[in-house]
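In what follows, a structure is listed as structure tokens, so that the remarks can point back to it.
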Amino acid sequence: MPLKVRGGLGYSPLRAWPTFVPRAVAFGVVGLNWQRLPGRWQAVAVPGGFLPAAASFAGTGLVLREGTDGGPWLLVALTASGAGLSSAYSPLLTRTLATVRRQDAADAGGVLVTAAQLGLLTGVSVFGAVFLGATDGTVPSAGTSADALWVTCVALAGAAVCGVLMSLVRRVGNLR
């Protein structure tokens with residue numbers, strides 16, 4: 001997305017950064033408040049968060065597919081992706097650490113943070129490679145970056161759907 005905004009739309013860094021504020025704010029607000037939801041809703045927060053994330057990734061690709069800046073619909077899509085990812089991520093980390101013995105908490109926290117950082121690094125690398133591969137590795141123009149972003153957003157939506165499926169498989173496995 002930053003490659004699209006900076007390269008494809010030609011935004012300066014000063015013009016580009018506000019584009020991502022809604023996603024960050026939504027991620028923070030949801031991450032700090034998801035525990036206030038009723039217990040029934042918390043139980044489905046992980047798959048329930050990945051679904052809007054998948055839809056918002058597809059929506060982001062759609063609103064930017066024509067090579068435009070997406071207008072207010074881009075902000076809606078980015079806000080939804082931040083909220084969806086946070087409502088999946090925060091409960092997942094909490095549930096993972098809740099099953100750890102107290103004496104192992106520090107080690108488990110370190111492993112979890114390391115795994116999360118590795119996942120972020122891998123995600124940026126993989127989806128960045130998808131984007132740049134779709135532009136033939138060149139500096140994207142508005143047209144080529146729109147097509148490349150569409151491909152990347154579809155891949156991101158597919159990854160989020162995989163997150164839904166994996167969390168549902170885990171839930172079904174725990175019911176046995």
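Just so you know, residue 1 is the first one in the sequence shown, and it goes up from there. Hydrogens, waters and symmetry mates are skipped; everything else that's a heavy atom, side chains included, is used.
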With sequence neighbours excluded, what pairs up with P52 under the side chain to side chain contact (heavy atoms under 4.5 Å, CB included) test?
-> none
Considering only Ile, Leu, Val, Met, Phe, Trp and Tyr, and joining two whenever side-chain heavy atoms are under 4.5 Å apart, list the other residues clustered with W150.
-> L62, V154
Distance from L64 atom CG to L74 atom CG, nearest 0.5 Å?
-> 5.0 Å
Of all heavy-atom pairs between S87 and G49, which one has the smallest distance, and what is that distance?
-> OG-CA, 3.0 Å
Once you round to the nearest 0.5 Å, how far does CG of L156 lie from OG1 of T60?
-> 9.0 Å
With L93, which residues qualify under side chain to side chain contact (heavy atoms under 4.5 Å, CB included), at least two apart?
-> Y89, L112
With hydrophobic residues grouped by side-chain heavy-atom distances under 4.5 Å, do L51 and L92 end up in a single group?
-> yes
Value for CG (L149) from CZ (F127), rounded to nearest 0.5 Å, stands at 12.5 Å
Verify side-chain contact (heavy atoms from CB on, under 4.5 Å) between T114 and L118, making sure each step is shown before the conclusion.
-> CA-CA 6 Å; T114 301; L118 184 59; 5.5 Å; no
Under a 4.5 Å cut-off applied to non-hydrogen side-chain atoms, are V111 and D107 in contact?
-> no
Show your reasoning for whether side-chain contact (heavy atoms from CB on, under 4.5 Å) applies to T94 and Q35.
-> CA-CA 10 Å; T94 300; Q35 291 178 324; 4.1 Å; yes
V25 side chain near V29 side chain, heavy-atom distance below 4.5 Å = yes
R95/V46 under side-chain contact (heavy atoms from CB on, under 4.5 Å): CA gap, chis, key distance, verdict | CA-CA 10 Å; R95 271 199 257 147; V46 175; 3.2 Å; yes
In Å, rounded to the nearest 0.5 Å, how long is the span from OG1 of T19 to CG of L75?
-> 7.0 Å
Across all chains, not counting sequence neighbours, the side chain to side chain contact (heavy atoms under 4.5 Å, CB included) partners of R36 are N33
Determine, stepwise, if the pair F27 / L85 fulfils side-chain contact (heavy atoms from CB on, under 4.5 Å).
-> CA-CA 7 Å; F27 192 93; L85 289 173; 4.2 Å; yes
Residues in salt bridge (charged side-chain N to carboxylate O under 4.0 Å, His left out) contact with R101, at least two apart in sequence or another chain | D104
V76 and V63: same hydrophobic cluster, using ILVMFWY side-chain contacts below 4.5 Å?
-> yes
Side chain to side chain, W34 and S86, heavy atoms closer than 4.5 Å | no
Check side chain to side chain donor-acceptor pair (under 3.5 Å) between T152 and all other residues, then give those that pass, not counting sequence neighbours.
-> none
Between T122 (side chain) and G119 (backbone), is there a donor-acceptor pair under 3.5 Å?
-> no
Atom of C153, atom of G61 and distance for their closest heavy-atom approach = SG-N, 3.5 Å
